[in-house]
Amino acid sequence: MAKSIGVTKQSEDFSRWYTDVVQKAELADYGPVKGTMVIRPYGYGIWELMQQGLDGLFKATGHVNAYFPLFIPESFLKKEAEHVEGFAPEVAVVTHAGGKKLDEPLVVRPTSETIIWHMYKKWIGSYRDLPLLINQWANVVRWEMRTRLFLRTTEFLWQEGHTAHATAKEAEEETQRMLAVYKKFAEEWMAMPVLTGRKSESEKFAGAVATYSIEAMMRDTKALQAGTSHFLGQNFAKAFEVTFQNQQNEAEFVYATSWGVSTRLIGGVIMTHGDDKGLILPPRVAPIQVVIIPIFRDAEQKSLVMAEVDQLNQGLKALGIRVKVDDDETSSPGFKFNEWEMRGVPVRIELGPKDVEKQQCVLVTRYNGEKSFLPLAGLVESMPQRLDVVQKALFQRALTFQQENTHRANNWEEFQEILESKGGFIRAGWNGDPEVEAKIKEATKATIRNIPFDQPENPGTCVFTGEPAQYEVIFAKAY
RNA sequence: CGAGGCGUGGCUCAGCCCGGUAGAGCACCUGCUUUGGGAGCAGGGGGUCGCAGGUUCAAAUCCUGCCGCCUCGACCA
């Protein structure tokens, strides 16, 4: 024993731990083209559950799904000045197709605002066509220089909502509504506590009037932008000449929003809950919520044990619980324990001859390693409740961690000291000057994650200049 | 693109300095014994040594060029 199997310890090398977990838990693998990723069935299972959850929340807020093309005429991208400036460096361009050079190059969408607003021009004529609330599930391509599985890949899966409204107020409300949806999803499905707020000018979406984000803290105390919602004002409506006639019969430019979360969230859930043994999945997004490991020596024991196991399996399935029986006879129980722990299954049930005799089983919860002997009677019925407890406990644990690693810095010395010794989120005053923001970034690599909605009455002084602060903001090193 | 490192069975790597039969561990296959925290023994299969050229009787090993990957920096959901 004691061979170095499993994953690199989180405490030893967080970044290697992450890469190990992603690959050994069979969530994803590297594709042959630099920066591309193959999402394997287990990882894709998480994404499917996320999609179901999010899609339900989108539908509940009045949105419908549609699909727009992957290819966008290059000229579209150039119509909105900030947008093209922001995305031009990272777009992939198709210059040849059908065996010849194209008249106009096509860009592979890095996001779909341009092609969607091109279409909205055709569909929107009067105030009666508004609001238009469309979401699409799609892949997008951004040629990033440095990539990491799930967190930043050349091609990734996401959803992008694109809405059109008659008034700025309505669009702003939509922006906030969807940010709240993201917060709810992150916290209740992914068990990831997040901070909501507005992005600084330098960090906002290219082409937006304002960008809002949810920011989460990973177990290495670095920040992860987990979702964004943009108020686009009339920028895209003007670029694509999308007007509507209001009730006074006047032409007006339409107001827009867009919002998205991506497969990056999977990276977030891994880094929010995982430990030295590997992945820990919140039950709501776990492809396998309960794994049952039967233990037996011979055929007689096998039939005895499997009879109980089958009953458990059927019972749990009937309640809609995602359960797997690992009856593979070519690997040992001990191996399976470790394997399923590494893969983050929330609850494990062990059932052997001794248990059948006593009409009990061994139940182990992944996140805290707690092992208990429970009577088989009533076990099935108790499972939804048990999973719910795990789901909430994971959120609580992550929330406590986030709070314990959030500090207030009142001056530059404190700021640097906290960043060096503790890391994490730093709440600090900022005078609102982008140059100051840039200087802090250059000096420390910490960036303003967002300007939280919950502002103190007095934001104090700017942590860098000592001038009166305009806001209290969250600084952190980020992914 | 700047700086470092690395390309050898599926994976992790040794061999390279000092040229001469291509290796180990893990994984895989077969058999027997095992199975309550990563099982043991025995046998077995599998490699154009990143690519191209050069030096040499002889190249994984030396030389040149190219390609790819990783880490760090500049860009970002």
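Just so we're on the same page: letters track the sequence lines, and every chain starts at 1.
Using a 4.0 Å cut-off between a side-chain N of Lys or Arg and a carboxylate O of Asp or Glu, A:Arg348 and A:Glu341 qualify as a salt bridge. Here A:Lys199 pairs with A:Glu215 in a salt bridge; the nearest charged N to carboxylate O distance falls below 4.0 Å. By the 4.0 Å N-to-carboxylate-O rule, A:Lys183 lies close enough to A:Glu187 to be salt-bridged with it.
Contact check, A:Ser332 against B:G38: no side-chain N or O comes under 4.0 Å of OP1 or OP2.
Stacking annotation: A:Phe156 is stacked on the base of B:A77 (ring centroids less than 5.5 angstrom apart, interplanar angle below 30 degrees).
Separation of the C1' atoms belonging to B:G4 and B:G10 is 29 Å when rounded to the nearest angstrom. To the nearest whole angstrom, the two P atoms, one in B:G25 and one in B:C41, are 12 Å apart. Nucleotides B:G40 and B:U35 have their P atoms positioned 13 Å apart, rounded to a whole Å. To the nearest whole angstrom, the two C1' atoms, one in B:A27 and one in B:A39, are 16 Å apart. The C1' atoms of B:G47 and B:U21 are separated by 15 Å, rounded to the nearest whole Å. Only the P atoms considered, B:C51 is 15 Å distant from B:C11, to the nearest whole Å. B:U8 sits 11 Å from B:C49 when the P atoms are compared, rounded to a whole Å. Annotation: B:A74 and B:C17 have their C1' atoms spaced 37 Å apart (nearest Å).
Pairing for B:C18 is absent, with no Watson-Crick or G-U wobble pair whose two atom distances lie under 3.5 Å. In a base pair of the Watson-Crick type (N1 to N3 plus N6-O4 or O6-N4) or a G-U wobble (N1-O2 and O6-N3), with each distance short of 3.5 Å, B:C29 is matched with B:G43. B:G9 is unpaired under the criterion used here, namely a Watson-Crick or G-U wobble arrangement in which both key atom distances are under 3.5 Å. Across all strands shown, B:G65 forms a Watson-Crick or G-U wobble pair with B:C51, both key distances being under 3.5 Å. In this entry B:A58 has no Watson-Crick or G-U wobble partner, no candidate having both defining distances under 3.5 Å. Under the Watson-Crick and G-U wobble criteria, each requiring two contacts below 3.5 Å, nucleotide B:G2 is paired to B:C72.
Counting any heavy atom pair closer than 4.0 Å across all strands shown, A:Gly260 reaches no nucleic acid atom. If you check every strand for non-hydrogen atoms under 4.0 Å, A:Leu151 touches a base. Residue-level contact check: A:Lys336 touches neither bases nor backbone, having no heavy atom under 4.0 Å from any strand. At the heavy-atom level, A:Val261 lies nowhere under 4.0 Å from the strands shown. Using a 4.0 Å heavy-atom criterion, one finds that A:Thr153 contacts the bases of the nucleic acid, with or without backbone contacts as well. Counting non-hydrogen atoms under 4.0 angstrom, A:Glu341 reaches a base of the nucleic acid.
The distance from atom CD1 of A:Ile349 to atom C1' of B:G36 is 15 Å, rounded to the nearest whole Å. To the nearest angstrom, P of B:G40 lies 13 Å from CZ of A:Phe335. Taking atom CG of residue A:Leu265 and atom C1' of nucleotide B:A77, one finds them 9 Å apart after rounding to whole Å. Whole-Å rounding puts the A:Asp20 CG to B:U12 C1' distance at 12 Å. Following rounding to the nearest Å, A:Arg16 (CZ) and B:U12 (P) show an atom-to-atom distance of 10 Å. In this structure, A:Lys24 atom NZ and B:G10 atom P are separated by 18 Å, rounded to whole Å. If you take CG of A:Leu363 and C1' of B:G36, they are 15 Å apart, rounded to a whole angstrom. In this structure, A:Glu329 atom CD and B:G36 atom P are separated by 14 Å, rounded to whole Å.
Toward the 5′ end of RNA chain B lies the nearest nucleotide of A:Val356, the other residue of the pair A:Val356 and A:Ala478 mapping further downstream.
With hydrogens and angles left out, the side chain of A:Lys371 and the base of B:G36 share no donor-acceptor pair within 3.5 Å.
A distance below 6.0 Å separates the ring centres of A:Tyr212 and A:Phe453. Here A:His83 and A:Phe236 bring their ring centres to under 6.0 angstrom of each other. A:Trp259 has its ring centre no less than 6.0 Å from the ring centre of A:Phe231.
Of all non-hydrogen atoms in A:Gly424 and A:Thr221, the two that sit nearest each other are N-OG1, 3.1 Å. Shortest non-hydrogen contact noted between A:Trp189 and A:Gly53 is NE1-CA, 3.8 Å.
Among the candidates A:His63, A:Gln159, A:Glu160, the single residue satisfying the side chain to side chain donor-acceptor pair (under 3.5 Å) test with A:Asn135 is A:Gln159.
The listed nucleotides are B:A77, B:G36, B:G38; the one nearest the side chain of A:Asn338 is B:G38. Among the nucleotides B:A77, B:G36, B:G37, the one closest to the side chain of A:Arg348 is B:G37.
Near RNA chain B, meaning a heavy atom under 4.0 Å from it, residues 281-313 of chain A has A:Ile295, A:Phe296, A:Arg297 in order of number.
Atom OG1 of A:Thr211 and atom NE2 of A:His230 lie 4.5 Å apart (nearest 0.5 Å).
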Please produce a list of atom pairs where a protein N or O lies less than 3.5 Å from an N or O of nucleotides 68-75 of chain B.
from: B:C72; atom 1: OP2; to: A:Arg146; atom 2: NH2; distance (Å): 2.1
from: B:G73; atom 1: OP1; to: A:Lys445; atom 2: NZ; distance (Å): 3.4
from: B:G73; atom 1: OP2; to: A:Arg146; atom 2: NH1; distance (Å): 2.8
from: B:C75; atom 1: O2; to: A:Glu144; atom 2: OE1; distance (Å): 3.3

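Between A:Trp412 and A:Phe415, the ring-plane angle classifies as parallel under the 30° and 60° cut-offs. In this structure, A:Trp158 and A:Phe156 have perpendicular ring planes: the angle between them is above 60°, well past the 30° mark.
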